[in-house]
Engineer: 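The following block contains the structure, expressed as structure tokens.
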Amino acid sequence: MNRTFRVVALVVAFALGAVAYQQGVIPQIIQRWDDVWFLGKEHMLLVAVSGGLAIVTGIPFGIWLTRPSMRKAAETMIQGLNIGTTIPTLAILALSMSLLGIGKVPAIFGLWVASLLPIVRNTYTGILAVPPHMKEAAVGMGMRPNQILWKVELPNALFVIFAGIRTALAINVGTVPLAYLIGGGGLGELIFSGIALDMTDLMLAGAIPVAILAVLTDFAVAQCQLWLVPRGVNPLR
Amino acid sequence: MIKLEKLTKIFDTPGGTITAVDHVDMEVGEGEICVLLGPSGCGKTTNLKMINRLVVPTSGKIFIDGKDTDDYDPVELRRNIGYVIQQIGLFPNKTIEENICIVPDMLGWDRKKSRARAAELLELVALDPALFLTRFPKELSGGQQQRVGVIRALAADPPVMLMDEPFGAIDPINREVIQDEFLKMQQTLRKTIMFVSHDIDEAVKMADKVAIFRDGKLEQCSSPDDLLAHPANSFIADFVGGDRTLKRLRLVKVSEAMSKGAPSVTAESPVADAVKAMEDHGHANVVMVDERKRPRGFVHMNDVRDKKGPVSDHYEALEATVDAREDLRTAVSLMFSNDVTWLACTDADGKYAGYITQRGITHLLGETYNQ
Ligand SMILES: Nc1ncnc2c1ncn2[C@@H]1O[C@H](COP(=O)(O)OP(=O)(O)OP(=O)(O)O)[C@@H](O)[C@H]1O
Ligand SMILES: [Mg+2]
């Protein structure tokens, strides 16, 4: 099954490659390699910084919402965040620009907002989904609240948290090309220039690397999820 | 060891107040197993959870070893009380070894010592450490998980154990096995144990003391035999069941109901000796033993009264014998299945030790009722 899938994938990739070559995309990429390389790095930097920020802020925020003191406020906040996701990412970027102007900072801010919600929500629901009896066992054995968080709640929610990170980064990588529109740079530059100049090969020289980076990012997060989540609570192992 | 004084818990709920535990006074001695029993919702779990402060009492006192539990830091208190919850509560993210070592690790035990302890405890409940230490809870059967739940509570060797239906999730056959293992363990460990159950048979089997609750009140707290023989009121009599006398059969050993010093004959003895032995002893049967004193058969008075020759010409084979260390339930069951009214009993070496009769059993059980 897996083997046939890989063979099919290879054949498709090869066919796409052949078509792309014929369309002059590959020569285009090779010819513009310096641009692709430079913009690709910029692109990944945007993903890394905004995604990283979303992770390091989203998880603590999600944890904070699960603390007993927040019990009442938390549901309202999550509802608010849920409404937040219905806002298209392009609109978020536009709002960010109207707040912070043009450049990398508003781009990163917009991307951070767009990828925050899945992380917060999954951290929150993941921790709340830890069965109460498991927490009772932990308390009954004499664990302190922070020991319960680190040894019981977080490890058991980790798989769900990773799923949130995966969704967040998928949204993030998909939105980064739009960041070009508010001066964030990245591979969007090639795509939008290609569209504006009606140069399909230029556009594809941006679009194909974006697609490859998206697949690679997702693959990397999936690998982290597979290997970092303890075997006992990892349905994939 | 554990002493409850006027212990009361009142829950405030939107629908009004619920008195879950109502002025309970009781005491469990060191090394005793006390089983809390009663219908659902009568306050057993709440009573148990107040002891390790998972539930804070509304009023009343709890003393462990003479010391008021209010004076302990709750975390310290809990680390010194083994706690088994009904839903087992193993941590799925940790291996069996890590699960067992949680409390020892928190207490700062040496790592080598705690890991060795984990292996030793697994062996105690008949799970092979080489196989199970590195497994995760999801890789164990329900019964195996429950055993690990119990030994995890034992890991730091706490003097007191609280267990909430620890064998509830296991099928009846495996439950018996685990109960037996647990009792064997308790013989050497001598923990002070409070244990919630809703199974009267389990209570009768495990308990030194049974505490019966109704609507938060302690109705009776006494030994299993006393409870079955003298239920304090009709609620308890109903609760323990109309067959409570049959349940007492489990509590009495064959050796207690057995007629000792009964005569026996050998295959070579003349029947006249057998007749004389029966007349002297006043029993219409006498057991024939082999050269190693194991019961082999018997002769009945009516068959041999005027006969001659050795016993070997006249004896009948014994359908069944019973080990004197078994309980009366086993003996009665053997009598019924073999359609006999008496059984020859053997000691640990298989030698003839005496006999037990249906009359003897009914008499013994009846005695307590006439007190
Ligand atoms: N946290 C709580 N808040 C409000 N009421 C509670 C709470 N915990 C228990 N109760 C109530 O207290 C009573 C006793 O509950 P408890 O859990 O001690 O019963 P139990 O004897 O253990 O029953 P079971 O055999 O069903 O486990 C019940 O009426 C229950 O509804
Ligand atoms: Mg209960």
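Computed from a predicted structure; not experimentally measured. Naming: A, B, ... by sequence-line order, numbering from 1 per chain.
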Engineer: Only heavy atoms, only distances under 4.5 angstrom. Which residues in residues 123-149 of chain A are near chain B?
Structural biologist: H133(A), M134(A), E136(A), A137(A), A138(A), V139(A), G140(A), M141(A), G142(A), M143(A), R144(A), Q147(A)
Engineer: In terms of heavy-atom pairs under 4.5 Å with chain A, which of N52(B), L162(B), L54(B) leads?
Structural biologist: L54(B)
Engineer: Given a strict heavy-atom distance threshold of 4.5 Å, which part of E76(B) is in contact with chain A: side chain, backbone, both, or neither?
Structural biologist: side chain
Engineer: Which of residues 127-149 of chain B get closer than 4.5 angstrom to chain A, counting heavy atoms alone?
Structural biologist: T134(B), F136(B), K138(B), E139(B)
Engineer: Top residue by heavy-atom pair count (under 4.5 Å) with chain A, among I85(B), I81(B), L77(B)?
Structural biologist: I85(B)
Engineer: Need one label for N80(B): side chain, backbone, both or neither, based on atoms under 4.5 Å from any heavy atom in chain A.
Structural biologist: neither
Engineer: Please flag which part of L107(B) lies under 4.5 Å from any non-hydrogen atom of chain A: side chain, backbone, both or neither.
Structural biologist: neither
